[in-house]
Number of protein chains: 2
Amino acid sequence: MLIGALLRVPAQAIHRRIIGDLNAAGFTELRVPHMAIFQYPGPDGERPGVLAERAGISKQAMNQVLRSLETAGYLERSDAPDHGRARIVRLTRRGAMAYATIHDILRDIEHQWAVELGPRAFGNLKTLLIRVWESPLVR
Amino acid sequence: MLIGALLRVPAQAIHRRIIGDLNAAGFTELRVPHMAIFQYPGPDGERPGVLAERAGISKQAMNQVLRSLETAGYLERSDAPDHGRARIVRLTRRGAMAYATIHDILRDIEHQWAVELGPRAFGNLKTLLIRVWESPLVR
DNA sequence: ACATGTTGGTAAAGGAAGTTTACCTTGGCG
DNA sequence: CGCCAAGGTAAACTTCCTTTACCAACATGT
């Protein structure tokens with residue numbers, strides 16, 4: 001078994017679970033592309049261009065995501081007071097609740113993994129993945 | 001840092017690297033959706049429906065991927081002699097070369113990870129991920 | 001034997017989501 | 001003041017998946 005599949009399959013499973021649980025929790029408008037926004041760290045106070053780069057999509061694509069989330073009441077775009085044409089994305093109360101819910105779901109997933117693998121093995125796994133994260137391997 | 005991002009980011013990095021290296025190696029037609037075909041184990045001798053289920057997409061979507069790969073000369077679909085309406089996907093020489101190249105790229109990635117983390121830590125990481133793979137967590 | 005259902009495969013139309021192209025606004029700078 | 005770069009937005013296009021529909025080859029019941 002090669003490292004590609006070993007990482008990809010669990011990552012996909014977590015992704016599906018997050019979306020499913022979010023929908024079940026009442027955030028029924030949230031779908032796959034919206035997750036580009038809610039990835040850590042959240043979009044609160046950021047500018048659209050920064051969010052686009054972070055998510056690895058074009059500014060235009062990010063703008064479509066932002067517009068749909070704004071329509072659905074998850075965030076709002078306001079003018080940045082000091083910096084020219086720049087705008088700022090702010091989560092609404094509903095957006096903040098969705099973000100907190102994602103965090104809760106991930107906590108629950110981590111708990112299940114810790115039970116399944118044992119807390120020690122799960123801790124080792126996270127430690128190793130953090131070393132990968134901090135290495136040049138993922139650049 | 002939560003487990004979702006820790007798995008997702010390296011998995012995406014590997015995915016981008018595979019496609020980039022494949023294109024650089026002369027397989028310029030291969031793009032994201034084509035990877036659904038070349039995931040382990042390869043498509044050689046399989047039927048379209050099985051490939052669709054394995055990739056998690058509909059039979060129709062898989063059929064479009066197969067057609068584009070057939071047009072590009074990576075595989076061919078032939079009638080299965082014994083089993084009724086069933087058809088069989090066969091890699092051409094070019095398709096087999098692409099598959100082998102993917103394998104080489106993954107081997108190279110694993111080598112780089114082993115150097116970066118140390119062989120022992122990398123072995124531990126794979127062992128832990130295999131335990132996840134075999135658990136009900138990813139179902 | 002033959003009508004019917006099931007399985008496997010394919011094709012066309014529709015929709016979701018990202019990119020390319022183009023444009024507007026703001027502020028910096030000669 | 002005129003020009004240009006940066007940031008943001010919008011429209012058109014492309015890609016790719018799903019929905020819907022259809023066809024062919026068995027299997028089965030009567």
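Basis for what follows: all heavy atoms, side chains included, without hydrogens, waters or symmetry-related copies. Just so we're clear, the structure is a prediction, and the values are computed from it rather than from any experiment. Reminder, nothing fancy here: chain letters follow the sequence lines and each chain counts from 1.
Taken residue by residue, residues 15-28 of chain A places no heavy atom nearer than 4.0 Å to DNA chain D. Listed in residue order, the members of residues 61-71 of chain A having a heavy atom less than 4.0 Å from DNA chain D are A:Asn63, A:Arg67.
For B:Arg77 and C:dT10, the CZ to C1' distance is 8 Å, given to the nearest whole Å. Between the P atom of C:dA17 and the CG atom of A:Leu30 lies a distance of 12 Å, rounded to the nearest Å. Remark: C1' of C:dG9 and CD of B:Glu53 are 15 Å apart, rounded to the nearest angstrom. With rounding to whole Å, B:Glu46 atom CD is found 14 Å from C:dG8 atom C1'. Look at NZ on B:Lys59: it is 12 Å from C1' on D:dC22, rounded to the nearest Å. Atom pair A:Arg87:CZ and C:dT25:P shows a separation of 13 Å (rounding to whole Å applied).
Look at B:Ser58 and you won't find any side-chain N or O under 4.0 angstrom from OP1 or OP2 of D:dC17.
Distance from the side chain of B:Gln60 is smallest for D:dT18 among the nucleotides D:dT18, D:dT15, D:dA11. Looking at the side chain of B:Ile57, the nearest of the listed nucleotides C:dG9, D:dT18, D:dT9 is D:dT18.
Between A:Glu29 and A:Arg94 there is a salt bridge, since a side-chain N of the basic residue sits under 4.0 Å from a carboxylate O of the acidic one. Checked for salt-bridge contact, A:Lys59 and A:Glu53 miss the test: no charged N lies under 4.0 Å from a carboxylate O.
Between A:Glu110 and B:Met1, the closest heavy-atom pair is OE2-O, 4.3 Å. Annotation for A:Leu66 and A:Leu75: closest pair O-CD1, 3.8 Å, computed over non-hydrogen atoms. Across all their heavy atoms, A:Gly42 and A:Arg54 have their closest contact at O-NH1, 3.5 Å.
Side chain of B:Thr92 to main chain of B:Gly73: a donor-acceptor pair is present (N/O by atom type, distance under 3.5 Å, no hydrogens or angles). With hydrogens and angles disregarded, a donor-acceptor distance shorter than 3.5 Å links the side chain of B:Asp44 to the backbone of B:Leu91.
Put simply, the side chain of B:Tyr74 reaches to within 4.5 Å of the side chain of B:Leu30, judged on heavy atoms.
Side chain to side chain, B:Gln112 and B:Arg17 meet the donor-acceptor criterion of an N or O pair below 3.5 Å.
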